[in-house]
**Student:** 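Just passing along the structure, written as C-alpha cells.
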Amino acid sequence: YRTAGSIADLIREGILSSELTQLGTAGLGIDRPLYTHQEQAIRKVSSGRNVVVATGTGSGKTESFLLPVLDSLLRERDAGTLNQPGVRALLLYPMNALANDQLGRLRELLTVFPDITFGRYVGDTEYTRGKGVSTHRKRFGGDPLPNELVSRDAMQEAPPHILLTNYVM
C-alpha cells in the first residue's frame, strides 16, 4: 500500500478538526503516514461526498470512516449542537466479533473526548445499567467510560452519538 499524508497534515490543512490532535494521547499516531486510500476517503467524506472503501484486511478501512465521523462530532461540539443525545453515526457490522473489536478501539480513542457518547447494542446487550456494568467489568476488566452506554435502557433513554450494532438488530 502506498502512503500519503498524515492525520497531522490533514489537521494543518483544515480538512480535519484541530481537536483530533488529542488522538495522539489515545495511541493513534497522528504523524504516522496514512495509506493513500485512507487520505483520499477522508478528503472526500470531509467535502461531503460518499465513499466506498474496498481494500484488504488490515489495510485501515476503519480510519477511512472513523476519522471523518469523529471530525464531524467534534465540529458539532464546537458549534454547540452535540449536547443533545441522538445517534449521529451507526457502525453496522456483520458479526458481533467485529462490533466488539471496534468497541475496544472506540474505548481507547474516546477517552480523550468524554462528551462523545457511544454504545454497543447487540443481542447480548444487557437491559439494565447495573447488569450492563457488571457484564462490562467481566468482559473488559474495569468500569465503562463515563461516555460509554452499556445497557439497552440507557441507550433507549438517551441514544449515544456513535452506535455499534449488527445487521440483525
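This one's a predicted model, so the numbers in the text were calculated from it and none came from an experiment. Just so you know, these numbers use all the heavy atoms, side chains as well, and skip hydrogens, waters and symmetry mates.
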**Student:** Could you grab the distance from atom CG of Leu23 to atom OG1 of Thr21, nearest 0.5 Å is fine?
**Tutor:**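 One gets 8.0 Å once the value is rounded to the nearest 0.5 Å.
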
**Student:** Are Met155 and Leu90 in one and the same hydrophobic cluster, where Ile, Leu, Val, Met, Phe, Trp and Tyr link if side-chain heavy atoms are under 4.5 Å apart?
**Tutor:**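 Met155 and Leu90: one cluster.
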
**Student:** In Å and rounded to the nearest 0.5 Å, what is the CD1 to CD distance from Ile162 to Glu148?
**Tutor:**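 Separation between the atoms: 11.5 Å.
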
**Student:** Going only through I, L, V, M, F, W and Y residues with side-chain contacts under 4.5 Å, is there a path from Leu110 to Leu149?
**Tutor:**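 Unlinked, Leu110 and Leu149 end up in two clusters.
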
**Student:** Quick check: closest heavy atoms across Arg107 and Thr111, and the distance to 0.1 Å?
**Tutor:**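 The answer is O-CG2, 2.9 Å.
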
**Student:** Quick test of your reading of the model: are Glu63 and Arg105 salt-bridged, counting only N-O distances below 4.0 Å?
**Tutor:**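 Salt bridge flag = yes for Arg105 with Glu63.
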
**Student:** Identify the residue among Val45, Asp71, Leu10, Asp9 that makes a side chain to side chain contact (heavy atoms under 4.5 Å, CB included) with Ile15.
**Tutor:**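 With Ile15 as partner, Val45, Asp71, Leu10, Asp9 yield a single side chain to side chain contact (heavy atoms under 4.5 Å, CB included), made by Leu10.
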
**Student:** Do His136 and Arg129 have side chains that get closer than 4.5 Å, going by heavy atoms?
**Tutor:**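 Contact flag for His136/Arg129 side chains = no.
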
**Student:** Per the side chain to side chain contact (heavy atoms under 4.5 Å, CB included) rule, which among Leu70, Leu82, Val87 passes with His161?
**Tutor:**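 Output: one option passes, namely Leu82.
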
**Student:** Return the minimal non-hydrogen interatomic distance between Gln102 and Leu164, and the atom names on each side.
**Tutor:**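 Shortest heavy-atom separation between Gln102 and Leu164 comes out as CB-CD2, 3.5 Å.
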
**Student:** Considering only heavy atoms from C-beta outward, does the side chain of Asp78 approach that of Glu19 to under 4.5 Å?
**Tutor:**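 The answer is yes, as the side chains (C-beta and beyond) meet within the 4.5 Å cut-off.
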
**Student:** Would you please name every residue forming a side chain to side chain contact (heavy atoms under 4.5 Å, CB included) with Asn50, sequence neighbours left out?
**Tutor:**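 Testing Asn50 for side chain to side chain contact (heavy atoms under 4.5 Å, CB included), a comparison that skips the adjacent residues, returns none.
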
**Student:** Ignoring hydrogens and geometry, is there a side-chain-to-backbone donor-acceptor pair from Ser46 to Ile42 under 3.5 Å?
**Tutor:**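 Side chain of Ser46 to backbone of Ile42, a donor-acceptor pair under 3.5 Å: yes, one is there.
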
**Student:** Flag the pair Leu67 / Ile7 as yes when at least one side-chain heavy-atom distance between them is below 4.5 Å, and no otherwise.
**Tutor:**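 They are in side-chain contact.
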
**Student:** Can you tell me if Lys131 has over 12 outside heavy atoms packed within less than 6.0 Å of its NZ?
**Tutor:**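 12 or below, so no.
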
**Student:** Drop me the distance from Leu103's CG to Phe140's CZ, to the nearest 0.5 angstrom.
**Tutor:**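 If I round to the nearest 0.5 Å, the distance is 4.0 Å.
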
**Student:** Would you name the heavy atoms of Asn147 and Phe113 that are closest together and state the gap between them?
**Tutor:**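 Closest pair (atom of Asn147, atom of Phe113, distance): ND2-O, 3.2 Å.
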
**Student:** Please report the shortest heavy-atom distance between Pro33 and Thr3, naming the atom on each side.
**Tutor:**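 Minimum heavy-atom separation between Pro33 and Thr3: CB-CB, 3.8 Å.
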
**Student:** Can we say Lys44 and Glu39 salt-bridge, meaning some charged N sits less than 4.0 Å from an Asp/Glu carboxylate O?
**Tutor:**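 Salt bridge between Lys44 and Glu39, a charged N being under 4.0 Å from a carboxylate O: no.
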
**Student:** Counting neighbours of OH on Tyr127 that are heavy atoms of other residues, nucleotides or ligands and sit closer than 6.0 Å, is the number greater than 12?
**Tutor:**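 Result for OH/Tyr127: open.
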
**Student:** Residues in side-chain hydrogen bond (donor to acceptor under 3.5 Å, both in side chains) with Asn96, at least two apart?
**Tutor:**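 With neighbours one apart ignored, the set is Asn166.
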
**Student:** Less than 4.5 Å apart, any side-chain heavy atom of Arg88 and any of Ile116?
**Tutor:**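 Counting from C-beta outward, Arg88 and Ile116 never come under 4.5 Å.
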
**Student:** Looking only at the side chains, is there a donor atom on one of Gln38 and Ser64 sitting less than 3.5 Å from an acceptor on the other?
**Tutor:**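 No - no donor-acceptor pair under 3.5 Å links their side chains.
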
**Student:** Nearest 0.5 Å, please: how far is OG1 in Thr36 from CZ in Arg2?
**Tutor:**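 Result: 6.5 Å between the selected atoms.
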
**Student:** Under 3.5 Å, is there a donor on one side chain and an acceptor on the other for Gln156 and Tyr121?
**Tutor:**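 The answer is yes; a qualifying pair exists.
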
**Student:** Nearest 0.5 Å, what's the CD-OG distance between Glu157 and Ser151?
**Tutor:**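 Reported to 0.5 Å precision, the distance equals 9.0 Å.
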
**Student:** Is the shortest side-chain N to carboxylate O distance from Arg139 to Asp124 below 4.0 Å?
**Tutor:**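 Counted as a salt bridge, because a side-chain N and a carboxylate O are separated by less than 4.0 Å.
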
**Student:** Do the side chains of Pro114 and Leu145 get nearer than 4.5 Å, heavy atoms only?
**Tutor:**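 No, too far: nothing below the 4.5 Å cut-off.
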
**Student:** Side chains of Leu92 and Leu163: closer than 4.5 Å at any heavy-atom pair?
**Tutor:**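 Counting from C-beta outward, Leu92 and Leu163 never come under 4.5 Å.
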
**Student:** Before accepting this row, confirm whether a basic side-chain N of the pair Arg152/Glu126 lies closer than 4.0 Å to the acidic partner's carboxylate O.
**Tutor:**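 No, this pair does not count.
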
**Student:** Show the nearest heavy-atom pair for residues Ile11 and Ser18, with the distance to one decimal.
**Tutor:**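 So the minimum-distance heavy-atom pair works out to CG2-CA, 3.6 Å.
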
**Student:** Would you name the heavy atoms of Pro160 and Thr117 that are closest together and state the gap between them?
**Tutor:**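 Distance-wise, the nearest heavy atoms are CA-OG1, 3.2 Å.
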
